[in-house]
Amino acid sequence: MRPDTPAENVDHINEAARLERTADRYPEDAEALLLRAAAHRELAGDRPAATALYDRLLTSGPDLDDPYLVRALKAANLWEYGHEAEARAIIDGIRMASPRDPAPWVIVAEALEAHDELEQAHETFTEAVRLLLSGVEEPPRATYPLLFGRHRVRRMLGASHDEWDALADSAHKLPVGLDELHDPKRVWSLGSENPEELEAEILRLRAELGAYREALSRPFPVAVLHWPADELTELTQAYPDLVEEYPSYAAHLEATEAALRELAASGTPNLGIVRGTVPSYEAFAASELASPSDSSLLPQYATTLAARGRAVAWPPERAEACWCGSGRAYGECHGV
């Protein structure tokens, strides 16, 4: 269940509790699962419980994949129920740390924006854009919310366009342009009695909502299973029946990329890759009361890993490391 599902369609408290139980069962996936559980707690209005989940993650040890993301979510949540001073302190700490991931920057800047701290929001968006996009030929998709958020805040501040705003305009692909979407005067049209003005504003809002959902609220991916070279060797040695499925590591890599491209060509959105390990596959097979030699388990195993938050989005940006682990850029490896 996606955390952005409307409250009338899901019991957020029960969904959060289910995710917390799953995190106890799979501690290696606790970060992704507890972040989703905290989102459900926030949507249910139980913000102290969400903070407790963020604290649980932050005190769990040094192995978090993205501690700055957890801190940013905690700060935004704290501010929503009256803990402004603590939230500001966390936000200041994130800005000083200058993380290389755009997600924490987006969250703290939007928290400042939501509480009418427009100058601070503008400074935060600008810091992030300069840090992550200076000297970059083409902005990665993950940085689009930074460009769009900065553009939005600058429109509210009445600032003139600069080079980063031009980059935001070039990244924006929807029919309604950013200048129109972020026009501060739009709000006045909502009070109009003219049906044509109201209909035009509804179209603008739909376009903006579509962009927001695409950037920040993506569903679980359709995932294809990838075995690293050492894991595939161990798998086929332990279970020779799977050699027919995986005749060689090179063939496995080619088949993985081909399957993803075929899914993309058929219009399947939001594709991903999950990496298998022999111990977790054996545990999965045992939970299904089946033999690991049964190749029909492999798609189910991939789906289970994706549901546990283990999927990595495909395709990577051309300049990012290839999904296969070769160390080469995707555009020079399987993205050719």
Seminar exercise, completed: Ser98 meets the side-chain contact (heavy atoms from CB on, under 4.5 Å) criterion, sequence neighbours left out, with Trp105, Leu131
For this session: Identify, with sequence neighbours excluded, every residue that meets side-chain contact (heavy atoms from CB on, under 4.5 Å) alongside Ala23.
Result: Ala30, Leu33, Leu34
Run the salt bridge (charged side-chain N to carboxylate O under 4.0 Å, His left out) test against [X] and tell me which residues pass, sequence neighbours left out.
X      : answer
Glu80  : none
Arg155 : Asp179, Asp183
Arg56  : Asp24
Asp66  : none

[X] with [Y]: basic N within carboxylate O range, under 4.0 Å:
X      : Y      : answer
Asp29  : Arg36  : no
Arg141 : Glu317 : no
Arg95  : Glu123 : yes

Exercise. Any side-chain heavy atom of Leu58 within less than 4.5 Å of one from Leu64?
Worked result: yes
Problem set entry | From CA spacing to verdict: side chain to side chain donor-acceptor pair (under 3.5 Å), Tyr239, Glu282 | CA-CA 11 Å; Tyr239 306 104; Glu282 291 173 335; 2.6 Å; yes
Problem set entry | Whether Asn77 side chain and Arg47 backbone form a donor-acceptor pair below 3.5 Å | yes
